[in-house]
J.: 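Before I ask anything, let me first share the structure, which is written out below as structure tokens.
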2 protein chains.
Amino acid sequence: MKGASLEILKHNHLSVTESRKKILDLFLANIGALAHADIEKNTGEQFDRVTIYRTLQTFVDKGIIHTIPTADNSVLYALCKDECEQGHHHDNHIHFICDACNITICIDHITIPELKLPKGFAPKRRDVVVSGICNRCN
Amino acid sequence: MKGASLEILKHNHLSVTESRKKILDLFLANIGALAHADIEKNTGEQFDRVTIYRTLQTFVDKGIIHTIPTADNSVLYALCKDECEQGHHHDNHIHFICDACNITICIDHITIPELKLPKGFAPKRRDVVVSGICNRCN
DNA sequence: AAATTTTTGCAACAAAATTGCAATTATTAT
DNA sequence: ATAATAATTGCAATTTTGTTGCAAAAATTT
């Protein structure tokens, strides 16, 4: 488990740096999604804000993490599952946001039912954001 | 059709001002959702940024418009249908974002299918964001 | 039409995000 | 292992986005 971040970086042809390893480790250690501020805090302000922005962008580009649409439009990032390839994310995402503890988690093993859209609409990616009370607060 | 915005404002016990009328007219004239910047442009920079922010907030509070969760976390607003009451929005929203023309529209007449969540999760509100190609670009 | 209430615009401020560039660090080739 | 090359980082400056207090202006009420 210790070299997981390293593996992921190498697999994505990214140079291995302190910031990338630590930030990726954070995602691996966390169930929930992370905001930029979370990362800044959890790395002990070890890295420049700009570095964190760029690292997150790089990870998104490579398909390692993805952004989550939120109702309050804060920017959240979460790990992609293996099915996500560079530039070609897994098309169905369910995210659960807990109103109590405010955690945001990806629920990957549940499939989104087909949606019948009006004529002419060609859906590609579907994001479902469910909010309520999570299993740990319930 | 010309007095629609006026009606809506009166119905919601809001004083009728130039900015509110014009901004509401913009929503009524538009199929798609609008961002703060769109409104600033489309009103010809007639109103102060702050006024637009406050007007949008007022409309959200009254349930006239609602925010849309987006993957790129830009803040979008769209008209609510009649079912939306103040502080109590219609719970099921489908939003479609076109990858080609970038328009975002509410698809209100389609219901979101039930989702089977893992044990312990109590869902309250569901947002569905679908992206792909819209009927006009197709 | 005057009194009252609400809204607006300005200025200042705060937070969030982006860009260019030199210094540093990682990778590649020898 | 070390030098050469390439990529990444941190800093400073800037831009964008959103907020707050307050006096002037506009809308509503009486």
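Residue numbers begin at 1 in each chain, while the letters A, B, ... track the order of the sequences.
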J.: Could you pull out the protein-nucleic contacts involving nucleotides 9-12 of chain D (nitrogen or oxygen on both sides, under 3.5 Å)?
T.:
| unit_1 | atom_1 | unit_2 | atom_2 | d |
| --- | --- | --- | --- | --- |
| D/dT9 | OP1 | A/Thr17 | OG1 | 2.8 |
| D/dT9 | OP1 | A/Ser19 | OG | 2.3 |
| D/dG10 | OP2 | A/Asp48 | N | 3.4 |
| D/dG10 | OP2 | A/Thr51 | OG1 | 2.4 |
| D/dG10 | N7 | A/Arg54 | NH2 | 3.0 |
| D/dG10 | O6 | A/Arg54 | NH2 | 2.7 |

J.: NZ of A/Lys22 versus P of C/dT25: gap in Å, rounded?
T.: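 Spelled out: NZ on A/Lys22 to P on C/dT25 is 15 Å.
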J.: Of B/Leu79, B/Ile8, B/Leu24, which is the lone residue that meets side-chain contact (heavy atoms from CB on, under 4.5 Å) with B/Phe59?
T.: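 Of all the options given, the one that passes is B/Leu24.
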J.: Atom CG of A/Leu9 to atom C1' of C/dA26: distance rounded to whole Å?
T.: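 These atoms are roughly 12 Å apart.
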J.: Whole angstroms only, please: what is the CG-P distance between A/Leu56 and C/dT18?
T.: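 Atom-to-atom, A/Leu56 to C/dT18, this comes out as 11 Å.
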J.: Would you say B/Arg20's side chain and B/Ser15's backbone share a donor-acceptor pair under 3.5 angstrom?
T.: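 Pair found, side chain donor or acceptor close to backbone of B/Ser15.
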J.: Within this structure, what is the NZ-to-C1' distance between A/Lys41 and C/dA16, rounded to whole angstrom?
T.: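 The answer, rounded to whole Å, is 14 Å.
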J.: Take atom CD of B/Glu40 and atom C1' of C/dT8, then tell me their distance rounded to the nearest Å.
T.: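 Computing the B/Glu40:CD to C/dT8:C1' distance gives 15 Å.
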J.: Centres of the A/Tyr53 and A/His36 rings: under 6.0 Å?
T.: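 Between A/Tyr53 and A/His36, the centre distance is under 6.0 Å.
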J.: Do the side chain of B/Arg49 and the base of C/dG9 come within less than 3.5 angstrom through a donor-acceptor pair of N or O atoms?
T.: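 No.
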J.: Can you find a pair of side-chain heavy atoms, one from A/Lys62 and one from A/Leu14, that are under 4.5 Å apart?
T.: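 Answer yes - side chains close enough.
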J.: Out of D/dT19, D/dA7, C/dT18, which has the shortest distance to the side chain of B/Tyr53?
T.: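 Minimum distance to the B/Tyr53 side chain belongs to D/dT19.
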J.: Could you check whether any side-chain N or O of A/Lys124 sits under 3.5 Å from a backbone N or O of B/Ser131, counting only pairs where one atom can act as donor and the other as acceptor?
T.: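 Absent.
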J.: Quick one: B/Gln57 CD to D/dT20 P, roughly how many Å, whole number?
T.: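 After rounding, the reported distance stands at 10 Å.
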J.: How many whole angstroms separate atom NE2 of B/His13 from atom C1' of C/dT6?
T.: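 So the NE2-C1' distance, B/His13 to C/dT6, works out to 16 Å.
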J.: Please report, rounded to the nearest Å, how far the P atom of C/dT5 is from the CG atom of B/Leu14.
T.: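 For the pair B/Leu14 CG and C/dT5 P, the rounded distance is 18 Å.
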J.: Answer yes or no: is there a donor N or O on one side and an acceptor on the other, between the side chain of A/Asp48 and the main chain of A/Val50, under 3.5 Å?
T.: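 Judged by distance alone, yes, a pair lies under 3.5 Å.
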